[in-house]
Amino acid sequence: MIVDQALYRQGRRFECGDLSDELATLRDGAEGFIWIGLKDPTDEEFELVRHELGLHPLAVEDAVMGNQRAKIEQYEGSLFVVLKTLRYIDETSDIETGEVMLFIGDRFVVTVRHGEGNPLADVREQLEQHPELLEHGPLIVMHAVMDSVVDHYVDVDRELGIDLDEIEAQVVGDDGVGNANSIYRLKREVLEFRRASGPLADSLAGFLDRGDGELHVDLRHLFRDVADHLRHVNDHIESYDRLLTVILSAHLASVSVQQNSDMRKISAWVAIAAVPTMIAGIYGMNFDGMPELDASVNVGGAEYYYGYFVVLGVIVGVCLYLWTRFKRSGWL
């Protein structure tokens, strides 16, 4: 749907009438440009804007298909810009990805937003409060939208940093309660972030190189400031990815050490239990004349049999000896 549509002259907002008439007037020499904002447009709405403004067919095809890589494409007389928007969801710690596409001509700007991330109403309102910026024309809208998208990147970057600190504390802490699933999940979110911010950095650098001599000096400084913020964000994301790989390796090593410790304990207890099991197995047989079982002593004319106590003492003694040895070696 068409969210907003306005004509801007000398940095001031005016109502926009018929698109064809307004655009013809502007191209005949009148000052200003048209800014049309669309949100999840239908095919009919988009076709109307495409026909009236004469948008390039390849750019229109990308906009209709969606799910495009972040890029800045130069067509004859126009620019097509794709920005990936990011939104951090506190409830699930997930990153939701959307898109903002811009068609920039000599006298018009069309912004097409897909998804709930990065609403542009605030961007338009802030620009309208600074007429001196709007006098730079359609490219200032491109900068404002891109700057807003990158600012949201910074916010998501901060949240990812907090999540990473929590996971790192869990893995390297005394409790060692880290979970491989949570590490993989955060690594996946970092990868999704990189797919949005990495291509944009390359495209923006190429745009600045191509238009370095054509851009107004103020605009060039503004775009370079966005590029600098984006570079910082990408550096952070790259470090997050490397650190998550290290954390995952440390977690897997910790799990392996814990499993080895558990196996040693199990082996030690099995060895201790094997002694009474073996002796009980031998003396539990229905044989006559088992050694020591008939041993006795005569005290005051009374016969006392102590064979079973000897066997029991041997069992207890051997078990205590094995327990002590395993305890000292750290197996128990």
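For this chain, numbers begin at 1 and follow the sequence in order.
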Chemist: Give me the atom names and distance for the closest heavy-atom approach of Thr92 to Arg185.
Modeler: O-NH2, 3.4 Å

Chemist: Between Tyr153 and Leu230, is there a side-chain heavy-atom distance shorter than 4.5 Å?
Modeler: yes

Chemist: Working to the nearest 0.5 angstrom, can you tell me the gap between Lys39 NZ and Thr111 OG1?
Modeler: 12.0 Å

Chemist: Determine whether His143 and Val226 make a side-chain contact, defined as any pair of heavy atoms from C-beta on separated by less than 4.5 Å.
Modeler: yes

Chemist: So, does Ser239 use its side chain to make a donor-acceptor pair with the main chain of His236 at under 3.5 Å?
Modeler: yes

Chemist: Mind checking the CD-CG spacing from Glu99 to Asp40? Nearest 0.5 Å is all I need.
Modeler: 10.5 Å

Chemist: What's the spacing between Lys187 NZ and Ile247 CD1 if we round to 0.5 Å?
Modeler: 9.5 Å

Chemist: Quick check on Glu15: does its CD atom have over 12 non-hydrogen neighbours (other residues, nucleotides or ligands) under 6.0 Å away?
Modeler: no

Chemist: Show the numbers, then the answer: is there a ring-ring contact (aromatic ring centres under 6.0 Å, His included) between Phe193 and Tyr240?
Modeler: CA-CA 11 Å; Phe193 199 127; Tyr240 293 164; 8.3 Å; no

Chemist: Can you see whether Ser197 engages Lys84 through a side-chain donor-acceptor pair at a distance of less than 3.5 angstrom?
Modeler: no

Chemist: Would you name the heavy atoms of Arg107 and Gly32 that are closest together and state the gap between them?
Modeler: NH1-O, 3.1 Å

Chemist: Side-chain contact test, heavy atoms from C-beta onward, threshold under 4.5 Å: evaluate it for Ile140 versus Leu222 and give yes or no.
Modeler: yes

Chemist: Tell me whether the count of non-hydrogen atoms from other residues, nucleotides or ligands lying under 6.0 Å of OH in Tyr184 goes above 12.
Modeler: no

Chemist: Taking Arg158 first and then Asp163, would you say they form a salt bridge - that is, a charged N and a carboxylate O separated by under 4.0 Å?
Modeler: no

Chemist: Tell me whether Ile183 is reachable from Leu243 by hopping between hydrophobic residues (I, L, V, M, F, W, Y) whose side-chain heavy atoms are closer than 4.5 Å.
Modeler: yes

Chemist: Looking only at non-hydrogen atoms, find the nearest pair between Met146 and Leu200 and report the distance.
Modeler: CE-CD1, 4.4 Å

Chemist: Side chain of Thr85, backbone of Gly98: donor and acceptor closer than 3.5 Å?
Modeler: yes

Chemist: How far apart are the closest heavy atoms of Phe223 and Leu139, and which atoms are they?
Modeler: CZ-O, 3.7 Å

Chemist: For Val81 and Val145: C-alpha separation, side-chain torsions, deciding distance, then whether side-chain contact (heavy atoms from CB on, under 4.5 Å) applies.
Modeler: CA-CA 10 Å; Val81 183; Val145 173; over 6 Å; no

Chemist: Contact between Asp122 and Leu120 at the side-chain level, heavy atoms closer than 4.5 Å - yes or no?
Modeler: no

Chemist: Does the separation of the ring centres of Phe108 and Phe33 fall below 6.0 angstrom?
Modeler: no

Chemist: Answer yes or no: does atom CD of Gln10 have more than 12 heavy-atom neighbours from other residues, nucleotides or ligands under 6.0 Å?
Modeler: no

Chemist: Could you check Asp241, Asp157, Asp235 and say which one makes a salt bridge (Lys or Arg N to Asp or Glu O under 4.0 Å) with Arg194?
Modeler: Asp241

Chemist: What pair of heavy atoms forms the shortest contact from Ile167 to Ser182, and how long is it?
Modeler: CD1-O, 3.6 Å

Chemist: With side-chain contact (heavy atoms from CB on, under 4.5 Å) as the test, would you mind laying out the steps for Phe103 and Val112 before giving the verdict?
Modeler: CA-CA 8 Å; Phe103 297 86; Val112 183; 4.1 Å; yes

Chemist: Treating Gln5 as the side-chain partner and Gly37 as the backbone partner, does any N or O pair qualify as donor plus acceptor under 3.5 Å?
Modeler: no

Chemist: Judged by atom type as modelled, is there a donor-acceptor pair below 3.5 Å linking the side chain of Lys71 to the main-chain atoms of Phe80?
Modeler: no

Chemist: Does any part of the side chain of Met142, heavy atoms only, come nearer than 4.5 Å to the side chain of Val109, both counted from C-beta?
Modeler: no

Chemist: Atom CD1 in Ile237, atom CZ in Arg195: separation rounded to 0.5 Å?
Modeler: 13.5 Å

Chemist: Passes ring-ring contact (aromatic ring centres under 6.0 Å, His included), Tyr8 versus Phe14? Steps please.
Modeler: CA-CA 6 Å; Tyr8 295 90; Phe14 297 91; 8.6 Å; no

Chemist: Report the C-alpha distance between Arg224 and Asp228 in whole Å, list the side-chain angles of each, state the deciding distance to 0.1 Å, and finish with yes or no for side-chain contact (heavy atoms from CB on, under 4.5 Å).
Modeler: CA-CA 6 Å; Arg224 291 195 181 280; Asp228 185 57; over 6 Å; no

Chemist: Between Val154 and Leu164, is there shared hydrophobic-cluster membership here, with clusters defined by ILVMFWY side-chain heavy atoms closer than 4.5 Å?
Modeler: yes

Chemist: For the pair Leu7 and Leu26, evaluate side-chain contact (heavy atoms from CB on, under 4.5 Å) and give the outcome as yes or no after the intermediate values.
Modeler: CA-CA 10 Å; Leu7 171 67; Leu26 291 172; 3.8 Å; yes

Chemist: Enter the distance from Leu79:CG to Gln74:CD here, rounded to the nearest 0.5 Å.
Modeler: 4.5 Å

Chemist: Would you check if Met101 and Gln68 make a side-chain contact, meaning some heavy-atom pair closer than 4.5 Å?
Modeler: yes

Chemist: My understanding is that only one of Leu186, Ile89, Leu160 makes a side chain to side chain contact (heavy atoms under 4.5 Å, CB included) with Ile95; could you say which?
Modeler: Leu160

Chemist: CZ of Arg87 to CG of Asp94: how many Å apart, nearest 0.5 Å?
Modeler: 11.0 Å

Chemist: Salt-bridge test for Glu31 and Arg9: reply yes if a basic N is under 4.0 Å from a carboxylate O, no otherwise.
Modeler: no

Chemist: Grab the two heavy atoms, one from Leu127 and one from Trp35, that are nearest each other, plus how far apart they are.
Modeler: CD1-CZ3, 3.9 Å

